[in-house]
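Reviewing the structure listed below.
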Amino acid sequence: MPQPTILRVARRDNRWHYILIPPGDLMLRHAAHPAVETEIETDLLQLLCGQMADAVHSANASAAQDGGQSRRLLQIGRALFATLFPADAALVRSHLANLTTPLLVLSDEREIPWETLFVANSEDPTGFLGLRTEVGRSLVSVHVPQIPVVRPHKRWRCLLIANPTGDLDANGEEVSQLERWFSERGFVCRMLSGEEATMEE
């Protein structure tokens with residue numbers, strides 16, 4: 001599977017901050033484009049997310065008959081896309097509309113149905129982001145609880161698991177990059193790969 005483009009999303013009140021990171025930059029060092037900051041109407045966004053959840057639920061409940069549900073999903077998806085990426089976020093809008101790689105969204109926004117953003121200018125039903133490419137999410141919290149860290153050892157240790165099921169071709173390289181990153185920062189690393197990654201180990 002090709003490496004994903006990464007969209008980092010951060011929010012403070014109604015100010016949203018977007019950064020696009022090119023495929024293959026596992027350590028998130030380089031942004032593909034300048035960071036974009038925009039203002040979003042929080043109430044409108046919450047309303048649209050709720051409407052999309054209702055529309056998806058309704059469509060799943062009566063999958064045999066459309067009854068205009070496809071049109072409703074398209075309209076809400078288009079409104080969500082326009083709300084999340086208004087005119088001053090046109091650069092990100094354009095990139096998402098023309099994406100040729102999978103997309104990984106790094107965000108603390110759990111309620112946004114990123115896959116249902118309708119990114120096409122046409123009425124083509126494949127204009128939904130989740131139908132145009134593979135979309136993954138990684139929740140990133142900016143609120144870290146204050147928990148005391150117990151360190152019985154003088155150095156941090158890290159256990160890395162690589163491709164335990166044997167069906168993730170690119171995973172070995174990703175884990176090797178992580179191992180180098182942790183080792184350079186003084187971690188004692190152990191990597192288990194493939195069949196070595198047993199529960200006992």
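All values derive from a computational prediction rather than experimental measurement.
Between R132 and L99 there is no side-chain heavy-atom pair separated by less than 4.5 Å. Contact check for S193 versus V175: no side-chain heavy atoms found under the 4.5 Å cut-off. P125 is not listed as a side-chain neighbour of L74, based on a closest heavy-atom distance of 4.5 Å or more. Side chains of L73 and T116 form no contact here, defined as non-hydrogen atoms less than 4.5 Å apart. Residues R180 and S183 are not in side-chain contact: their nearest non-hydrogen atoms beyond the backbone lie 4.5 Å or more apart.
Between the side chain of S94 and the backbone N or O of A90, no donor-acceptor pair lies under 3.5 Å.
Separation of atoms CD1 (I112) and CG (L48) is listed at 10.5 Å; rounding is to 0.5 Å. In this structure, CD on Q46 lies 12.0 Å from CD on E41, to the nearest 0.5 angstrom. Annotation: the span from F182 atom CZ to C158 atom SG amounts to 4.5 Å, rounded to 0.5 Å. The distance from atom OG of S107 to atom CZ of R8, rounded to the nearest 0.5 Å, is 10.5 Å. In this structure, the separation between CD1 on I76 and CG on L117 is 12.5 Å, given to the nearest 0.5 Å. To the nearest 0.5 Å, atoms CG (L160) and CG (L178) are separated by 6.0 Å.
Connection of W156 to L159 is not established within any shared hydrophobic cluster, with ILVMFWY side chains joined at heavy-atom distances below 4.5 Å, either directly or through further cluster members. V188 and W181 fall into different hydrophobic clusters, where Ile, Leu, Val, Met, Phe, Trp and Tyr residues are linked whenever their side-chain heavy atoms come under 4.5 Å apart, directly or through other members. Taken together through direct or relayed side-chain contacts under 4.5 Å among Ile, Leu, Val, Met, Phe, Trp and Tyr, I40 and M52 form part of one hydrophobic cluster.
Taking a cutoff of 4.0 Å between a charged side-chain nitrogen and a carboxylate oxygen, R11 and D13 do not qualify as a salt bridge. Taking the charged nitrogens against the carboxylate oxygens, R137 and E111 have no contact shorter than 4.0 Å, which rules out a salt bridge.
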Inset, instruction - Step by step, work out the side chain to side chain contact (heavy atoms under 4.5 Å, CB included) result for F118 and F81. - result: CA-CA 6 Å; F118 195 85; F81 189 46; 5.6 Å; no
Inset, instruction - Evaluate side chain to side chain contact (heavy atoms under 4.5 Å, CB included) for W114 paired with L103, printing each intermediate quantity in order. - result: CA-CA 10 Å; W114 300 99; L103 177 69; over 6 Å; no
Inset, instruction - Go through the steps for E174 and N171 under the test side chain to side chain contact (heavy atoms under 4.5 Å, CB included), then give the verdict. - result: CA-CA 5 Å; E174 291 172 354; N171 186 240; 3.6 Å; yes
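Across all non-hydrogen atoms, the minimal contact from L192 to R190 is CD2-NH2, 3.7 Å. Nearest heavy-atom pair, I161 versus A197, reported as atom, atom and distance to 0.1 Å: CG2-CB, 3.8 Å. Residues P102 and T133 approach most closely at CA-OG1, 3.2 Å, considering heavy atoms.
Applying the salt bridge (Lys or Arg N to Asp or Glu O under 4.0 Å) rule to pairs touching residues 75-104 yields R78-E123, sequence neighbours excluded.
Atom CD of Q75 sits in a crowded spot, with more than 12 heavy atoms from other residues, nucleotides or ligands closer than 6.0 Å. Open room surrounds CG on N121; 12 or fewer heavy atoms of other groups in view lie less than 6.0 Å from it.
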Which donor-acceptor pairs under 3.5 Å do side chains of residues 15-23 form with protein atoms, sequence neighbours excluded?
residue: R15; atom: NE; partner: E37; partner atom: OE2; Å: 3.2
residue: R15; atom: NH1; partner: E39; partner atom: OE1; Å: 3.2
residue: R15; atom: NH2; partner: E37; partner atom: OE2; Å: 3.2
residue: Y18; atom: OH; partner: L84; partner atom: O; Å: 2.6

